[in-house]
Amino acid sequence: MARLAQTAGLTDVQQEILSTVRDFVDKEIIPVATELEHRDEYPQAIVDGLRELGLFGLMIPEEYGGLGESLLTYALCVEEIARGWMSVSGIINTHFIVAYMLKQHGTQEQKDHFLPRMAAGDIRGAFSMSEPGLGSDVSAITSKAVRDGDEYVLTGQKMWLTNGGTSSLVAVLVRSDEGHPEGTAPHRSMTTFLVEKEPGFGEVRPGLTIPGKIDKMGYKGVDTTELIMDGLRVPADRVLGGITGRGFYQMMDGVEVGRVNVAARGCGVAQRAFELGVRYAQQRHTFGKPIAQHQAIQFKLAEMATKVEAAHAMMVNAARKKDSGERNDLEAGMAKYLASEYCKEVVEDAFRIHGGYGFSKEYEIERLYREAPMLLIGEGTAEIQKMIIGRRLLEEYRFQG
């Protein structure tokens, strides 16, 4: 059967990488995903397999031991992995955002120190922007860094860290007023710090505590945590890029990569939901024939497949735009918005096709039904994406009256 969401113009290397990842997903992830998800168990064997495949270094330049592949290659790999189990794609996403931020904005010493070990999977990355009272308003960050000689002292509480427990490097965005006079725009007085820590929970280094995992409706297996800083001392040479006040822009650059990733996840989950729905529709019989032969079900399948194709095309376009070096916040926002909304709709249609059985935990669609809503929130809500899209459109179509 021809697969949906094929990508034209891929190189032989890209096709080989995707084929390898697809085989790994089919053999190593799909058969165990639902069982691990129901137990909320970290997929250590799967993560070890991804490490052996070299996926933790997929976008890291070859000079640092990575594969030096494009964002498009990475996004297509994420799409395949999310098709197997979305939580696994989350494990590598934050790692890659931090690696990307280091590659784009880090000092040479920071790149030399971190990237080779990140490429090997010896260091796992997480990034921390949100706070308990923050929501979508990044300018309201209250966590602070105060200079004390050759160190900064960080204080505050961060929220929603994917890989918060298993990571050993966290990129943390805080407010730093040093060198920024009163009245400076909030986004100009933020700094990203590279915080090294031991994996695990509790006090993972002096002044830094990672409480236990947050219990979630879906997106299980991967650890989502808080991060509490109470007098955490970080050397000045761990300011990303070596200069304070640039953190907001560094994080937003990373978030654009993250939005392409979330779009890819939405595409992967939607593809899997379609696969489950179209298969079940041919197995389940009512009124003397498979339900796939009922026009109402055929209409659903047609709509689902069209949404899968449309979301995939927008995701690929956003990734290629970023790879070209052009600004892609418009395309990334559109792709994230459309893919997450379509994912929710395709999953719900597949759930409806399954009827009562879709409500049973024995069926995979039940897991997807709980996972899809996270994509509506992660890397910015639909409302935030619409704001980004609307502002960019007004820039591009400014009326000269």
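- Within the 4.5 Å cutoff, the side chain of I46 has heavy atoms near those of the L36 side chain.
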>> Run the side-chain contact (heavy atoms from CB on, under 4.5 Å) test on L208 and L227 for me, step by step, so that the C-alpha distance in whole Å, both residues' side-chain angles and the decisive distance to 0.1 Å come before the verdict.
In response: CA-CA 7 Å; L208 180 62; L227 180 147; 3.5 Å; yes
> Taking it one step at a time, do L50 and F24 satisfy side-chain contact (heavy atoms from CB on, under 4.5 Å)?
Replying inline: CA-CA 9 Å; L50 294 176; F24 181 85; 3.7 Å; yes
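- With respect to E37 and R367, no salt bridge is recorded, no charged nitrogen being found less than 4.0 Å from a carboxylate O.
- Between the NZ atom in K197 and the CD atom in E203 there is a gap of 12.5 Å [rounded to 0.5 Å].
- Judged purely by atom type and a 3.5 angstrom limit, T20 uses its side chain to pair as donor or acceptor with the backbone of E16.
- A donor-acceptor pair shorter than 3.5 Å can be found between the side chains of E371 and W85.
- Classification of the Y363-Y357 ring pair by plane angle, with boundaries at 30° and 60°, yields tilted.
- Take A292 and apply the side-chain contact (heavy atoms from CB on, under 4.5 Å) test, not counting sequence neighbours, and it matches A281, Q282.
- Under 4.0 Å is where a charged nitrogen must lie from a carboxylate oxygen, and between K322 and E331 no such pair does.
- With contacts defined as side-chain heavy-atom distances shorter than 4.5 Å, the pair L330/I388 does not qualify.
- Annotation: cation-pi geometry not satisfied between R233 and Y152 (NZ/CZ under 6.0 angstrom from ring centroid, within 45° of ring axis).
- Residue T7 comes nearest to H312 through the heavy atom pair OG1-NE2, 2.8 Å, listed as atom of the first residue, atom of the second, then distance.
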> Please walk me through it: do T73 and Q14 pass side-chain hydrogen bond (donor to acceptor under 3.5 Å, both in side chains)?
Replying inline: CA-CA 6 Å; T73 306; Q14 287 175 313; 2.9 Å; yes
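- Ring geometry for H95 against F56 counts as perpendicular: the plane angle is over 60°, on a 0 to 90° scale with 30° as the lower cut.
- Looking at K213, its side chain does come within 3.5 Å of a backbone N or O of D40 through a donor-acceptor pair.
- Within the 4.5 Å cutoff, the side chain of V257 has no heavy atoms near those of the N261 side chain.
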> Taking it one step at a time, do Y42 and V222 satisfy side-chain contact (heavy atoms from CB on, under 4.5 Å)?
Replying inline: CA-CA 6 Å; Y42 186 79; V222 60; 5.5 Å; no
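- A donor-acceptor contact closer than 3.5 angstrom links the side chains of K216 and T224.
- Other residues, nucleotides and ligands contribute over 12 non-hydrogen atoms within 6.0 Å of the CZ atom of R205.
- Aromatic ring orientation, F287 versus H294: perpendicular (interplanar angle above 60°, classes split at 30° and 60°).
- With salt bridges taken as basic N to acidic carboxylate O contacts below 4.0 Å, one links R327 and E395.
- Ion pairing between R83 and D26 holds under the 4.0 Å rule for side-chain N and carboxylate O.
- Between the side chain of R246 and the backbone N or O of I243 there is no donor-acceptor pair closer than 3.5 Å.
- For the salt bridge (Lys or Arg N to Asp or Glu O under 4.0 Å) test, no residue two or more places apart in sequence or in another chain qualifies with D23.
- Panel note: side chain R238, backbone V195; no donor-acceptor pair is recorded below 3.5 Å.
- Looking at E41 and E35, their side chains never come closer than 4.5 Å, going by heavy atoms from C-beta outward.
- No side-chain donor-acceptor contact under 3.5 Å links K103 to the backbone of P61.
- Nearest heavy-atom pair across V78 and A264 is CG1-CB, 3.9 Å.
- A salt bridge does not link E275 to R279: none of the charged side-chain nitrogens sits closer than 4.0 Å to a carboxylate oxygen.
- Ion pairing between E303 and K307 fails under the 4.0 Å rule for side-chain N and carboxylate O.
- Between the side chain of E131 and the backbone N or O of S143, at least one donor-acceptor pair lies under 3.5 Å.
- Remark: E362 CD is loosely packed, at most 12 non-hydrogen atoms of other residues, nucleotides or ligands lying under 6.0 Å away.
- Panel note: side chain D323, backbone L72; a donor-acceptor pair is recorded below 3.5 Å.
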>> Is there a side-chain hydrogen bond (donor to acceptor under 3.5 Å, both in side chains) between E326 and S324? Walk through the geometry before answering.
In response: CA-CA 6 Å; E326 297 180 68; S324 72; 3.1 Å; yes
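- If you take CZ on R39 and OG1 on T34, they are separated by 11.5 Å, rounding to the nearest 0.5 Å.
- Interatomic distance, CD of E198 versus CD of E196, reported as 10.0 Å (0.5 Å rounding).
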>> As a quick check of understanding, evaluate side-chain contact (heavy atoms from CB on, under 4.5 Å) for I123 and M118, giving each step before the final call.
In response: CA-CA 5 Å; I123 288 180; M118 294 186 79; 3.9 Å; yes
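- Counting heavy atoms from C-beta outward, L376 and K344 have side chains that approach closer than 4.5 Å.
- Side chain of Q110 to backbone of L115: no donor-acceptor contact under 3.5 angstrom is found.
- Side-chain contact check for T94 versus V98: every heavy-atom pair is 4.5 Å or farther apart.
- Pairing each heavy atom of A236 with each of R147, the nearest pair is CB-NH2, 3.9 Å.
- Taking both residues in full, the closest heavy atoms of C343 and A372 are given as SG-CB, 4.1 Å, listed atom of the first, atom of the second, then distance.
- No hydrogens or angles considered: nothing links the side chains of T192 and H105 as a donor-acceptor pair under 3.5 Å.
- Distance check: Y337 OH to Y342 OH gives 9.0 Å after rounding to the nearest 0.5 Å.
- Within 6.0 Å of CD on Q295 lie no more than 12 heavy atoms contributed by other residues, nucleotides or ligands.
- A distance of 10.0 Å separates CG in N163 from CD1 in I92, rounded to the nearest 0.5 Å.
- Between L58 and F96, the shortest heavy-atom contact is N-CZ, 3.3 Å.
- Side chains of E379 and N93 form a contact here, defined as non-hydrogen atoms less than 4.5 Å apart.
- D349 places no side-chain N or O within 3.5 Å of a backbone atom of K300 that could act as its donor or acceptor partner.
- With hydrogens and angles disregarded, no donor-acceptor distance shorter than 3.5 Å links the side chain of S167 to the backbone of V170.
- Between D329 and R391 there is no salt bridge, since no side-chain nitrogen of the basic residue lies less than 4.0 Å from a carboxylate oxygen of the acidic one.
- Scanning all heavy atoms of the two residues, the minimum distance from A145 to V174 falls at CB-CG2, 3.7 Å.
- Between T244 and M190 there is no side-chain heavy-atom pair separated by less than 4.5 Å.
- The NE2 atom of H354 sits 8.5 Å away from the CD atom of E364 when rounded to the nearest 0.5 Å.
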